[in-house]
Chemist: 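Right, I'll just put the structure down here and ask away after.
Please read all numbers here as calculations on a predicted model, not as lab measurements. Values below: every heavy atom of this structure, side chains too, minus hydrogens, waters and symmetry copies.
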Amino acid sequence: MRAIWLACCSCGEYGLLQQEVEGRDAGAQVLRVGDLDGLVSMARAFPSRHGAAIIAASLFEAEKVRKTVARLTSEGRVGRVVVLVETLDPSDIEALFRAGATEVIAAHSICGDGRMDEGADGSNWCVPLESEAVVDRESGAPRATRGPRVGDCGKAEAEHDRRPRSPHACDVIERQETCNEDLSIADMGYVHGVNLADGLDEIEGFAVDVGLQDDASMSVEPRATATSEETERLPSVPTNSLPSTDNVATLHRAPVVCAVSGSGGCGKSTLIATMSHATSLLGLRAAVLDLDLMFGNLYDLLGVDTPRDMASLVEPSGVGALTETDVVAASMRVAPGITLWGPVAAPERAELMARPVELLLDILRRESDVVFIDTSVFWGDAVAAAVATSDRCLVVGDAAVSSATSAARAIELASRMGVPRTRMSAVFNRFGARGADEDAAMRFEIACALSSKIRIADGGQDLAALMAFGRADEAVGQASAFATSVREATREMLVELGCAVGPWSDLINDRATHTERPRIRLPWSREGDPR
């Protein structure tokens with residue numbers, strides 16, 4: 001069943017809100033509601049936290065909008081509340097966030113000049129039909145949303161979303177708004193995910209086919225792509241090795257999740273390690289790449305005793321393809337459903353890894369269910385190629401002084417590389433630690449100006465001790481606030497990316513209900529006792 005969003009707006013603004021919804025939830029059904037009271041009444045018909053709402057705040061009084069947001073979130077019927085404001089006023093943003101809004105965006109920052117692309121028709125779909133819906137839409141105004149830019153940056157970020165229907169197609173006088181129409185699977189683009197009946201627990205490393213032949217030396221060629229923006233990044237492939245047109249649509253493409261930041265020590269490696277274990281507990285196969293090629297230690301956090309050098313892929317990548325033997329030889333089996341590659345043993349060879357990483361990443365997108373990538377602060381060619389192909393870019397930061405500023409610069413760099421803000425999430429790590437309170441988290445999120453926000457609770461000394469011994473599996477399987485936040489964030493992200501997630505493993509349920517053994521008060525000798 002597709003998700004249902006309630007849009008509280010005029011008919012003239014319906015196209016704008018529909019585009020914002022589809023940028024967050026492809027294929028969602030959008031139902032327009034004319035007033036705030038009707039919005040609350042309709043939301044009460046949803047099961048708990050199954051619905052979502054988006055509000056055009058320019059049509060109503062600010063105080064009434066805040067009260068409506070508070071009612072929606074307090075009753076727990078909607079999981080997401082997006083508010084579209086006329087201008088980004090910090091005081092209004094803070095009030096809406098405190099009321100429970102999950103997102104606050106500016107109307108002029110996503111509307112631009114009303115042109116989706118050069119081939120668009122002459123109608124300006126952003127012009128409202130009702131006089132009270134007029135909002136300021138400056139040309140070139142800054143944007144604090146993950147919605148596509150359609151004015152100042154051209155169509156580079158808008159091509160992954162479908163153009164919304166024109167509001168002029170709706171009858172605004174005599175009938176109720178019915179602009180939404182059913183979407184076919186083809187309209188939604190490719191969908192990630194696998195059949196959970198494929199025996200995922202039996203997979204070790206990666207496999208080219210369900211039944212591998214003995215002494216197989218099958219060459220795994222790079223996958224042909226159908227998107228123009230990726231053509232320049234992928235290596236050239238012989239024409240005779242390209243799949244037929246009938247088979248291109250059926251190729252599996254696992255989503256790529258890339259963790260980036262502008263400052264070190266914010267917890268990217270810990271986040272990737274625990275998210276990969278959470279993914280395996282959901283029944284999916286996770287391929288993990290450590291692209292902190294010079295000094296990465298993700299293998300320590302994942303408990304690998306004998307790391308393998310990913311630089312072994314440099315020589316075979318010179319012929320334009322990697323064989324199964326090459327890929328398996330560089331891999332490290334971490335746990336059922338988790339396999340790791342990287343970094344390189346000799347840091348000076350990191351500059352040679354751009355082409356091997358592209359070839360390896362292309363293979364892993366076909367052979368795994370999701371690919372997690374840890375990066376370094378310095379973006380070389382290998383990191384840049386991985387970030388450019390990511391389906392979700394996690395911008396990680398904490399309460400450090402420079403974290404918000406450096407994260408904003410990383411976001412701008414990723415945007416210039418062609419990563420839409422719709423594919424980025426602001427991740428505030430160590431939430432709840434000393435100095436990492438609500439105000440610090442909100443400052444980081446406002447500096448990032450991304451619509452998707454994730455908060456990971458602080459794990460404290462217990463987490464540090466577990467990660468020091470490579471026990472990321474235990475860290476994510478506990479009933480702590482850190483483990484809960486990682487599991488919830490991972491599951492929600494994988495669902496948004498289209499992965500076919502299953503129920504949690506029994507390991508989670510067992511550990512969540514496990515009670516700690518009462519400590520025994522041993523008769524230790526007291527001070528001054530000779531014993």
Side-chain angles (χ1 to χ4, degrees), residues 1-86 92-93 95-97 99-108 110-111 125-135 137 145 147 161-162 164-183 451:
M1 179 179 178
R2 289 180 292 173
I4 299 178
W5 282 67
L6 299 177
C8 188
C9 62
S10 65
C11 186
E13 292 184 314
Y14 178 78
L16 177 63
L17 269 63
Q18 185 186 39
Q19 183 199 26
E20 283 297 297
V21 169
E22 294 196 358
R24 292 154 178 75
D25 199 345
Q29 292 180 318
V30 184
L31 176 63
R32 190 181 75 87
V33 183
D35 60 89
L36 295 175
D37 292 334
L39 176 66
V40 175
S41 300
M42 291 289 292
R44 289 172 179 168
F46 289 122
S48 178
R49 300 185 65 82
H50 274 62
I54 182 168
I55 303 172
S58 60
L59 301 178
F60 311 100
E61 295 180 359
E63 184 62 26
K64 190 171 183 180
V65 172
R66 287 194 291 269
K67 290 182 179 179
T68 301
V69 172
R71 290 171 64 187
L72 289 172
T73 55
S74 63
E75 294 181 6
R77 295 297 179 180
V78 295
R80 302 173 68 179
V81 180
V82 180
V83 182
L84 189 70
V85 297
E86 192 169 349
D92 290 341
I93 292 175
L96 288 169
F97 276 140
T102 55
E103 231 177 290
V104 180
I105 55 180
H108 61 73
I110 58 178
C111 187
W125 65 273
C126 287
V127 176
L129 299 180
E130 300 178 7
S131 59
E132 66 270 19
V134 177
V135 296
R137 294 188 174 99
T145 176
D161 284 331
R162 298 187 305 118
R165 290 172 53 89
S166 169
H168 298 282
C170 305
D171 185 355
V172 299
I173 300 177
E174 298 182 356
R175 63 183 179 87
Q176 184 179 3
E177 176 62 54
T178 57
C179 290
N180 188 47
E181 60 182 4
D182 293 338
L183 301 175
S451 58

Chemist: Quickly, which of Val82, Leu31, Leu17 forms a side-chain contact (heavy atoms from CB on, under 4.5 Å) with Trp5? Name it, please.
Modeler: Val82
Chemist: Do Leu96 and Val85 touch side chain to side chain, with heavy atoms closer than 4.5 Å?
Modeler: yes
Chemist: Heavy atoms only: give me the nearest Leu36-Ile55 pair and the separation to one decimal.
Modeler: CD2-CG2, 4.0 Å
Chemist: Starting at CD of Glu63, measure out to OG1 of Thr68 and round the result to the nearest 0.5 Å.
Modeler: 10.0 Å
Chemist: I need the minimum non-hydrogen distance between Val83 and Ala101, along with the two atoms involved.
Modeler: CG2-CB, 4.2 Å
Chemist: Over all heavy atoms of both residues, which pair between Ala99 and Thr73 is shortest? Give the atoms and the distance, please.
Modeler: O-OG1, 3.1 Å
Chemist: What residues form a side-chain hydrogen bond (donor to acceptor under 3.5 Å, both in side chains) with Glu61, not counting sequence neighbours?
Modeler: none
Chemist: Can you tell me how far the CG atom of Leu59 sits from the SG atom of Cys8, to the nearest 0.5 Å?
Modeler: 7.5 Å
Chemist: Give the minimum heavy-atom separation between Gly100 and Val69, together with the two atoms involved.
Modeler: C-CG1, 3.9 Å
Chemist: To the nearest 0.5 Å, how far apart are CG in Leu39 and CZ in Arg32?
Modeler: 12.0 Å
Chemist: Can you sort out the partners of Arg71 under side-chain hydrogen bond (donor to acceptor under 3.5 Å, both in side chains), two or more places apart, ordered by chain and number?
Modeler: none
Chemist: Give the minimum heavy-atom separation between Tyr14 and Val30, together with the two atoms involved.
Modeler: OH-O, 3.3 Å
Chemist: Using 0.5 Å steps for rounding, measure from the CD1 atom of Ile54 to the CD atom of Gln18.
Modeler: 10.5 Å
Chemist: Name all residues meeting the side-chain contact (heavy atoms from CB on, under 4.5 Å) criterion together with Ala95; count only those two or more places apart in sequence or in a different chain, and write none if there are none.
Modeler: Arg66
Chemist: Identify the two heavy atoms, one from Gly79 and one from Thr102, that lie closest to each other, and give their separation to 0.1 Å.
Modeler: O-CG2, 4.0 Å
Chemist: With rounding to the nearest 0.5 Å, note down the distance linking CG in Leu6 to OG in Ser41.
Modeler: 10.5 Å
Chemist: Hey, what do you get for CZ (Arg24) to CZ (Arg80), rounding to the nearest 0.5 Å?
Modeler: 6.5 Å
Chemist: Find out whether Ser58 and Leu84 are in side-chain contact, i.e. whether some heavy atom of one side chain is under 4.5 Å from a heavy atom of the other.
Modeler: no
